[in-house]
S.K.: 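Once you've had a glance at the structure underneath, I'll fire off some questions.
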Amino acid sequence: MKNMKKIVALAMAAAMTATLAACGSSSGSSSSSASSSAPAAESTAAAETTQTNVDPAVEASTDATATTESTAADAQTPDLSSDKYVGDGVWTVGTNATFPPFEYIDDNGQPTGFDVALVQEIGKRLGLKVEVQDMEFDALVASIGSKIDAAAAGMTVTDERKKTVDFSEAYYDATQAVLVKKGSSIKTQDDLKNAKVGVQLGTTGAGIADDLHGEGSDKTITYNSYNDVVQDLINGKTDAVIMDQVPAEAYQSQSGDQLEVLPGTQFNFDTEEYAIALPKGDTELLDAVNGAIDAMKADGTFDSLVDKWINNYSAE
Ligand code: GLN
């Protein structure tokens, strides 16, 4: 992992030189890691390929240059080299890729979507190589700080989760909704109370189902993947699904007109906010991530990611 630091330092030095030569273009986009030479590397695989190619050249160059230049680059990029979690230059981000358009598996079997693009861009701005790890949603929070350095998974900020992790600033307003088969008679919260409801384990939707049915009720059916949750709704094993509205619409659009999304307002569901979950107490990393999000919001990058991945998402 040591080599990684050298690569990043050199890349930042190169980026700085380029920026100075160009008379100060935007600092945000100039301080990028080696992987950024591939345009916003869509997958970890692409980023790794780039790095492998760069490696031999780096080995041949001098350490002294890297050290000096990386100090200069620190003026624009937070120095995370002594950070407990990302000091090795790698930011391992967990997700659950059954949550389109925020995260889903692309045609090459790689996690993709808004959250993946978001953390790739944050990593680029912080000089970190991003590795996205697909896992069960229910395992994410407990894995932060050990198996993974963060979770980007359309994760709602909750007081319960805040006991274990820190959250970045919120990046998306959300609400739970109800997904049913077209023509379903379910219309109200009372109807839901009497229905078999499918949910993904560990989600806020699962929490609502517990509130309605009582914890451990056989009316709440839990799954580890939204693909299975929705499949069993289509099969008629459940009557309804409580899940986030935008992903519910994505599944609806993939269902060939078999499903319908009922708005959360109809069931008195609260509004929620998504944020990136980070190891508790690492304010250095938290500030760096928030700084990158702020910069992305200020320079229009954030809005263009929302447009590309959320507003223009279309299911095959
Ligand atoms: N927003 C919901 C939660 O945080 C669901 C997220 C998800 O399943 N990816 O619990």
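What you see below is based on every heavy atom in this structure, not just the backbone, and it leaves out hydrogens, waters and symmetry mates. In each ligand, atom 1 is the first atom listed, and ligand 1 is the first ligand listed.
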S.K.: Check this for me: does any side-chain nitrogen of one of Lys196 and Asp239 sit under 4.0 Å from a carboxylate oxygen of the other?
M.R.: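 Not counted as a salt bridge, because no side-chain N and carboxylate O are separated by less than 4.0 Å.
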
S.K.: Closer than 4.0 angstrom, basic N to acidic O: yes or no for Lys182 and Asp257?
M.R.: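 Here Lys182 pairs with Asp257 in a salt bridge, since their nearest N and O are under 4.0 Å apart.
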
S.K.: Name the orientation class of the two ring planes belonging to Tyr172 and Tyr274 (parallel below 30°, tilted from 30 to 60°, perpendicular beyond 60°).
M.R.: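 Parallel: the ring planes of Tyr172 and Tyr274 meet at under 30°.
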
S.K.: Please work out whether the ring planes of Tyr251 and Tyr226 are parallel, tilted or perpendicular, with thresholds of 30° and 60°.
M.R.: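 The arrangement is tilted - the two ring planes meet at 30° to 60°.
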
S.K.: Please assess Thr204 against Glu272 for the test side-chain hydrogen bond (donor to acceptor under 3.5 Å, both in side chains), listing each intermediate value before the final yes or no.
M.R.: CA-CA 9 Å; Thr204 49; Glu272 302 183 1; 3.1 Å; yes

S.K.: Anything with a heavy atom under 4.0 Å from ligand 1 counts, so go ahead and list those protein residues by chain and number.
M.R.: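 For ligand 1, the contacting residues are Phe99, Phe137, Ala153, Gly154, Met155, Thr156, Arg161, Gln200, Thr203, Thr204, Tyr226, Asp244, Tyr274.
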
S.K.: Name the orientation class of the two ring planes belonging to Phe267 and Phe269 (parallel below 30°, tilted from 30 to 60°, perpendicular beyond 60°).
M.R.: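 Judged by the thresholds at 30° and 60°, the geometry between Phe267 and Phe269 is parallel.
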
